[in-house]
Amino acid sequence: MIPQKQLEMVRMGLRNLVGYPMRTVLTMLGVVFGVGSVIAMLALGAGAERELLKEIGRLGIQNIIINSIKPEEPDTSSQRSNWISSYGITFKDHRQIVDTIPGIEKALPVHVSKKTVWQGSKRVEGTLYAVTPEHLDMFQLNTSVGRNLTHLDDEKLSRVCVVRSGMLTELGIFQDPIGFPLNIDNETFYIVGVLLDDSFLGYARKALSVDAKSSEIYVPYSTALRRHGTRSITRRSGSTEATDVELNQVVISVTDLDQVLVTARMLGSLLERNHPEKDYELVVPLEVLSQRQKTQQVFNMALVAIASISLLVGGIGIANIMLATVTERTKEIGVRRALGARRRHIIAQFLTETTTISTIGGGIGVLVGIGLVQVLTFFTGWSAAITLSSVALSLSISMAVGIVSGIYPARRAAGLDPISALRHE
Amino acid sequence: MKAPIISLQGVHKYYGEHEPRLHVLKGIDLDVADGEYVSITGTSGSGKSTLLNLLGCLDNTSKGAYLLNGTDVSSYSDDELSKIRNEDIGFIFQSFNLIPQLTVFENVQVPLLYGTRSIASTTDLCHQVIESVGLSDRSEHRPSQLSGGECQRVAIARALINDPVLLLADEPTGNLDTDTGDEVLALIDDLHQQGRSVVMITHDPDVANRSQRRVDLRDGIIVEAGAA
Ligand SMILES: Nc1ncnc2c1ncn2[C@@H]1O[C@H](COP(=O)(O)OP(=O)(O)O)[C@@H](O)[C@H]1O
Ligand SMILES: [Mg+2]
């Protein structure tokens, strides 16, 4: 058929739909809500995935992070005090990793310790991160004021630090913080930079063992090692606890993305050999990402399946009402047949009508879905992303629903005997 | 004399697939010459509409041959019959049979949807045909906004849109009062004058008298055929 006639049929079909607005709306409703929920579900799924990428991507998918973990002590009550517990990654491990494992671009040492930071009468608990300058770049710890740590700071063992702005507020520092002295334990460090205040999210924070409660202070690795050593002492409810951890963390960056998992396996066996007591953990963001993505995909599929059921119900609704319409319009079908309509013309007419209904319903559904997403994100704070592909998908699905749900009624209409249809009152 | 446009030869029509079948037409022989105006009369239930439906290719004969323009169409497929209905035959019904949700213009357009000509190329034609039945100012109206006589004129315009050789009318004035009925009959007379063949069912002897020949059907058999 010439497309122009198809257009004319759509136009005449629309005339039918406009003629019975209430019925048309009711017919569309299923598809409207079906498509609306598909759009919303896909948007929420895409939003969750984007969050995930942001969160884990921050760790760098080329990176592997080794954290020292305090092993479970078999018996803590007997020798509680005055005992130095020593565990975790050692300098020797670090050297071995650098020397024996191929394809490693960087292996950045990190030492973490709890310190009391004070300024005048104010004191706060902070976490001191002794890091190399590359560390700050690697995790996009950018300063909003001042500068980052440099190699020169490290070489000259400068007592400088970069802090979170939250700490300044807690310490009551409201003037220009650059060059301001901070007392960290018994040493004085000078602020050279203040970090942009976007802290690590959920998983990234855990993987980097960043304490949610106390803010971070970054100091040059060599300076901290010289000033504080590797031991730290914590006093807790009367007893003193001393720990000696040479490296709390090593951040390894692999040159070739394809080699990340292989390198992780090599690291794993090296550490297993050196640390049978398992006082470390190996975090592979790439692995975590793909696991999470898999989970997310399953979740998305479940969501879409649920939404599809409502689309199916919508399709059944259209088929049902169209069947009723066929009965109601038997006479019209007879007239059209008398005027020369072939069976396929009648089929085309009904399919055109169902497809027009479902596609318009789908279009409205897209709008409803977008609205739903706005409302949901507004009230729950969930992240959502409406993608063009989900809109295209929904519209094609609703078109398909129209065609499929029209087939049976259309065939019924076309199968009518012209004379009986004409005689029908 | 010209070759007949319609030639029925020993035509039977049964309804129903199982015994007892309803035997409606019981051996009809009928020729209609090209350009002839024939009326069919008979009591209700005598098979007039059944006969007209056969002539209109809405149905196949159960037995016997139907030659339309010299071609036997009794074994034509559904699609072939549809094409003949679309191009060669114009129907006029007692109850007008307009499509209620469409405008006058769109109703007249309907047969064009099933033909080969494009819609755009036939817009003028639609206007002309609507004008020829005197309804130019009503072309955007719905059937429900028209009187019975106007509806029937729309139906005639629709029947004419593909310029058919044969007009079939099943009691076209049955739902009209005498005056509007006369207008419609005058229109049909005009169409006959223009050279179209017309077969019209009626139970009104006055109406039948306008035709050139009367065929009286009784219980499925032609009992009387003669000049009006
Ligand atoms: N499609 C059909 N199926 C079954 N019976 C029919 C059908 N069409 C007509 N009949 C029967 O055939 C007989 C003749 O009908 P019809 O041709 O409409 O008569 P008329 O038009 O002369 O009143 C009637 O008894 C009618 O009930
Ligand atoms: Mg009848």
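Letters A, B, ... are given to chains in the order of the sequence lines, protein chains preceding strands, and every chain is numbered from 1. All figures in this text were calculated on a predicted structure; none of them were measured in a lab.
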### Query
Around atom CG of Leu388(A), are there more than 12 heavy atoms of other residues, nucleotides or ligands at under 6.0 Å?
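At most 12 heavy atoms, drawn from other residues, nucleotides or ligands, come within 6.0 Å of this atom.
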### Query
Any chance CZ of Arg411(A) has more than 12 other-residue heavy atoms, nucleotides or ligands included, within less than 6.0 Å?
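At most 12 heavy atoms, drawn from other residues, nucleotides or ligands, come within 6.0 Å of this atom.
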### Interatomic spacing from CD1 in Ile419(A) to CG in Leu52(B) - rounded to 0.5 Å
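Spacing of CD1 (Ile419(A)) from CG (Leu52(B)) equals 10.0 Å.
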### Task
Name the region of Arg423(A), side chain, backbone, both or neither, that has any atom closer than 4.5 Å to a heavy atom of chain B.
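It is neither, since no heavy atom gets under 4.5 Å.
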### Task
Go through the atoms of Ala120(B) and report whether side chain, backbone, both or neither lie under 4.5 Å from a heavy atom of chain A.
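Contact with chain A is through both the backbone and side chain of Ala120(B).
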### Task
Let me know if Asp59(B) has heavy atoms under 4.5 Å from chain A in its side chain, its backbone, both or neither.
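Contact with chain A: backbone and side chain both.
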### Message
Would you say that Arg158(B) contacts Val335(A) through its side chain, given a criterion of any heavy-atom pair below 4.5 Å between the two side chains?
### Response
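Yes, at least one pair of side-chain atoms sits under 4.5 Å.
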### Members of residues 60-94 of chain B whose heavy atoms come closer than 4.5 Å to chain A
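Hits under 4.5 Å: Asp78(B), Asp79(B), Ser82(B), Lys83(B), Arg85(B), Asn86(B), Phe91(B), Phe93(B).
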### Message
If the contact rule is any heavy atom under 4.5 Å from chain A, which residues of residues 97-107 of chain B qualify, in numerical order?
### Response
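The residues closer than 4.5 Å to chain A, in numerical order, are Asn97(B), Ile99(B), Gln101(B), Leu102(B), Thr103(B), Glu106(B).
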